[in-house]
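What follows is a single structure, written as structure tokens, with notes after it.
Since we're looking at a predicted model, the values are computed, not measured. Chain A is the first sequence line, chain B the second, and so forth, proteins listed ahead of strands; every chain is numbered from 1.
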Amino acid sequence: MQSLKCGGMSITSTIQTAVITALEQLYNQSFSAKDFQINQTKPEFEGDYTVVLFTLLKPLRLSPDVLGNALGNHLTQTQPSFFCGFNVIKGFLNLTVADEYWGTLLNNNYQNKGYGRKSNRGKTIVVEYASPNTNKPLHLGHLRNIFLGWSISEILKADGYDVVKACIANDRGIHICKSMVAWQKFGHGATPESTGMKGDHFVGDYYVLFGKAHKEEIQELTAGGMSEEEAEKEAPIMKAAQQMLVDWEAGKPEVIALWKKMNSWVYAGFDVTYKRIGSDFDKMYYESDTYILGKKLVEEGLQKGVFYKKDDNSVWVDLTGDGLDEKIVQRKDGTAVYITQDIGLAVEKYEAYHYNQSIYVVGDEQNYHFKVLQLICQKLGLPSSDGIYHLSYGMVELPSGRMKTREGTVVDADDIMDEMIKVAAQKTEELGKVKDFTANELDKLYNTIGLGALKFFILRVDPKKRMIFNPEESIDFHGFTASFVQFSHARASAILRNEQPNHHWSLQYNEPLLSLEKDLIILLEQYPAIIQQAAAEHNPAVIVNFSYDLAKTFNSFVTEHRVLKAETENKKQVRLRICEMTANVIASGLALAGIEAPERM
RNA sequence: GGCCUCGUAGUACAAUGGAUAGUAUACGAGUUUCCGAAGCUCCAGAUACAGGUUCGAUUCCUGUCGAGGCUACCA
């Protein structure tokens, strides 16, 4: 029976093909997959999958009942071992898929830990994420960025792409000069070592000091009659920062030395945080390198006439023809602006990897920036321009509103991770199920549960959407959470510790699959398509939501049916296979979100 | 002002144009001599408003109201 052997094909496309063939044979008309929908049948109706007939009625000039019955009869008669029953309600043809199909699927895949992963496509995608400024520590917004970037990279790998995880350190610019000036002025030679601080937090404090000093100077100047706007620019400390940027680009040795020293402190701090998150990069870029290529491309663009120079020597691009505005690409003092380096980086990435796609995981407040970037790259005739894809995600807000530095409401990345792990430890101790664990094992488990909860809480939301982070809800371990999914994995593992499936047993189909058994296999069947969907939509939430559905169904299944004391040996073998495959798919799905699945918790 | 995004139960999130709009929390009520109760079962509760397209609209279009972002020689 051919349909039973359709290894790589999802059941919806199998049904789609079967329907197309049937329509061809019955009515001598050709349709494509786009012409009608296959949905999972709603639980209140009998059947597994549903063909929505409405769109076919007009071209075929048939009533829903006539078409539904003709199609249902044809499918069940020509492929009886695949379609074992049908019913037609209104314009819906509900098909029941034979237990033998589900059993075969289960038996073929239950041990396969790589189930759902595609073979290599020979295409490369560069994913840029994290991309922090090196003047302050990482916060909750960065965490959404890093979780997303890392997860989408893993999902794309699972979908058969070669992925390069890239990070650009925004290590130069006026913001960096601000913390440098402040340290010169107020630091008195202090270092992270001398103060016992994590380097990124140490430097971040000077950035804050700059802001305070700047504000005070503005107040003095406005008291003397200057306008607010002018005072911001004329404040001595701001002048000093601007001068430092010019000196930096000129390569003034003492400025460069200070810059290197302070950045190294920040990197040391970031490394600790990345390691804890479990994030990694294949390639680091530094804005301090890429801006030079950017400036070179600005020069070329001037010659090509893509850019033009204003009287004050600043360089611009006119995008009014594309519905946007004019955009500056180089300042009048000759220094690079933010977008300058991005032009350089786009070229550098392309030359290194000849990517098919270059994804930028960057917040949606920069939607305009990336529109401009892509247009500029197009106008410069760069081959890199086509593959540019801005994976734009929404802001993370607190229940009280947007995080604001000056109000001190920014949630620090290190702090929130500490908190999550602490609460995970408390909860685990209360339950007292792992008293025999060693200190190391406990430590690892608390990390797995605490960080898992955080990643799950953030990744469960569609990236495009703004999300509200409620600290109290994030550390809940009930309901739609990582702990729930991890618990299900531990539960399946516990059963499998008692007994493994007998691999020599050949499954019998004389006792029908029970509803929860079949629900689980149906979900497991969907996993490869789920990976594909998550990759195509660049959306880890698809995987996270799926893993929760699977875990939820599994918990009901385990509560409802005995596995080890099943009614018959055959049932036991079916259920053991379901346990093993569910455990594998949960572990695999969570792994794509950067979450570990413990054997015990 | 211009451009873009978003309005779904008290709250937080789902739903390639398809059947009675799912799930979790918080709230009620049950559930452990039985493979893990971080579980399971039951009870309630929502598509901002007004039009339009369609056999069918949370989804697509228009308008109103509301929220956010961008519109920097900041990044």
Side-chain angles (χ1 to χ4, degrees), chain A residues 34 37 39 41-42 44-45 50 52-55 57-58 64 89-92 94 131 133 135 170 172-176 178 242 287 310 312-316 323-325 327-333 335 337-339 341-342 363-369 371 392 394-395 397 399 401-402 424 427-428 430-431 433 449 457 460-462 464-470 473-474 476-488 490-499 533 536-537 541-542 545 548-549 551-552 554-566 575-576 579 600-601:
Chain A
K34 292 190 295 289
Q37 284 184 336
N39 296 336
T41 304
K42 297 258 172 202
E44 56 268 35
F45 301 101
T50 296
V52 183
L53 302 170
F54 297 105
T55 50
L57 301 179
K58 209 175 266 180
I89 299 170
K90 296 199 274 181
F92 300 95
N94 302 319
S131 304
N133 295 340
N135 62 344
N170 295 116
R172 47 131 266 142
I174 191 73
H175 55 299
I176 309 297
K178 287 178 183 175
Q242 278 160 351
E287 188 185 339
K310 288 196 177 173
D312 65 2
N313 224 29
S314 56
V315 182
W316 295 72
L324 306 179
D325 289 323
K327 177 81 184 176
I328 190 162
V329 293
Q330 188 169 296
R331 291 192 189 95
K332 67 184 170 195
D333 63 8
T335 56
V337 294
Y338 181 51
I339 204 160
Q341 61 91 15
D342 256 331
D364 64 5
E365 75 272 20
Q366 294 192 38
N367 286 351
Y368 184 78
H369 172 80
K371 252 188 224 171
S392 162
M395 303 264 94
E397 290 174 19
R402 196 173 173 176
K427 184 70 187 169
T428 306
E430 274 171 33
L431 291 170
K433 296 179 182 177
I449 296 172
F457 190 83
R460 66 181 204 178
V461 183
D462 185 335
K464 290 192 293 292
K465 297 193 179 169
R466 205 162 48 213
M467 71 169 290
I468 295 176
F469 184 88
N470 186 331
E473 285 176 19
S474 69
D476 191 357
F477 296 119
H478 301 279
F480 186 13
T481 64
S483 311
F484 177 91
V485 182
Q486 288 168 328
F487 170 78
S488 312
R491 215 173 169 183
S493 305
I495 294 172
L496 293 165
R497 269 196 299 276
N498 283 315
E499 187 169 345
Q533 188 195 344
E537 293 177 3
V542 170
N545 279 286
Y548 173 73
D549 280 346
K552 187 173 165 52
F554 180 75
N555 271 320
S556 296
F557 161 78
V558 172
T559 306
E560 188 83 15
H561 306 297
R562 307 283 85 196
V563 175
L564 299 177
K565 293 178 188 159
R575 289 177 188 166
L576 282 170
C579 285
R600 294 178 57 196
M601 64 189 283

* Asked: So what does A:Q366 hit on the nucleic acid, given a heavy-atom distance under 4.0 Å: a base, only sugar-phosphate, or nothing?
  -> base
* Asked: Got a second to check how far A:F477's CZ is from A:F484's CZ, nearest 0.5 Å?
  -> 15.0 Å
* Presence of A:K433 side-chain N/O under 4.0 Å of B:G36 phosphate oxygens OP1/OP2 -> no
* To do: Would you indicate, yes or no, if B:A19 has its OP1 or OP2 atom less than 4.0 angstrom from a side-chain nitrogen or oxygen of A:T50?
  => no
* From the options B:A75, B:C35, B:A24, select the nucleotide whose nearest atom is closest to the side chain of A:L564. => B:C35
* To do: Determine the contact category for A:I174: base if any of its heavy atoms lies under 4.0 Å from a base atom, sugar-phosphate if only primed atoms, P, OP1 or OP2 are that close, otherwise nothing.
  => sugar-phosphate
* Would you indicate what A:M395 reaches in the nucleic acid, counting non-hydrogen atoms under 4.0 angstrom: base, sugar-phosphate, or nothing? => nothing
* Asked: Which word best sums up how the rings of A:F54 and A:F92 line up, parallel for under 30°, tilted for 30 to 60°, or perpendicular for over 60°?
  -> perpendicular
* Asked: So what does A:V563 hit on the nucleic acid, given a heavy-atom distance under 4.0 Å: a base, only sugar-phosphate, or nothing?
  -> base
* Please check the phosphate of B:G39 (OP1 and OP2 only) for any side-chain N or O of A:H478 closer than 4.0 Å. => yes
* What integer number of Å spans the C1' atoms of B:C43 and B:C27? -> 11 Å
* Hey, does the side chain of A:R466 come within less than 4.0 Å of B:G7's phosphate (OP1/OP2), counting only N and O? -> no
* Asked: Can you tell me if the side-chain N/O atoms of A:R497 get under 4.0 Å from OP1 or OP2 in B:G36?
  -> no
* **A:R331 side-chain N/O to B:A75 phosphate OP1/OP2 under 4.0 Å** => yes
* Looking only at atom P, what distance separates B:A46 and B:G22, rounded to whole Å? -> 12 Å
* Asked: Within the structure shown, what part of the strands sits under 4.0 Å from A:Y548 by heavy-atom distance: base, sugar-phosphate, or nothing?
  -> sugar-phosphate
* Asked: Reckon A:R562 touches a base, only the sugar-phosphate, or nothing at all at heavy-atom distances under 4.0 Å?
  -> base
* Asked: Checking all strands, does A:N135 fall into the base, sugar-phosphate, or nothing category for heavy-atom contacts under 4.0 angstrom?
  -> nothing
* Asked: Checking all strands, does A:D462 fall into the base, sugar-phosphate, or nothing category for heavy-atom contacts under 4.0 angstrom?
  -> sugar-phosphate
* So does A:K465 get a side-chain nitrogen or oxygen closer than 4.0 Å to the phosphate oxygens (OP1/OP2) of B:A14? -> yes
* To do: To the nearest Å, give me how far apart CD (A:Q37) and C1' (B:G56) are.
  => 11 Å
* Asked: So what does A:D325 touch, heavy atoms closer than 4.0 Å: a base, only the sugar-phosphate, or nothing?
  -> sugar-phosphate
* Which part of the nucleic acid does A:T428 contact within heavy-atom distance under 4.0 Å: base, sugar-phosphate only, or nothing? -> base
* With a 4.0 Å cut-off on heavy atoms, is A:N545 in touch with a base, just the backbone sugar-phosphate, or nothing at all? -> nothing
* Asked: So what does A:L431 touch, heavy atoms closer than 4.0 Å: a base, only the sugar-phosphate, or nothing?
  -> base
* When the C1' atoms of B:U59 and B:G7 are considered, how many whole Å apart are they? -> 14 Å
* B:C6 versus B:U25 - spacing of their C1' atoms, nearest Å -> 23 Å
* To do: Mind telling me whether A:F457 and A:F469 have parallel, tilted or perpendicular rings, with 30° and 60° as the class edges?
  => perpendicular
* Phosphate contact (B:C35 OP1 or OP2) by A:R575 side-chain N/O below 4.0 Å -> no
* **Whole-angstrom distance between B:U58 and B:C49, as gauged at atom P** => 11 Å
* Answer with base, sugar-phosphate or nothing: what part of the nucleic acid does A:S556 contact at a heavy-atom distance below 4.0 Å? => sugar-phosphate
* Asked: Using a cut-off of 4.0 Å on non-hydrogen atoms, how would the nucleic acid contact of A:S131 be classed: base, sugar-phosphate, or nothing?
  -> nothing
* Please measure how far the C1' atom in B:G18 lies from the corresponding atom in B:C60, and state the result in whole Å. => 15 Å
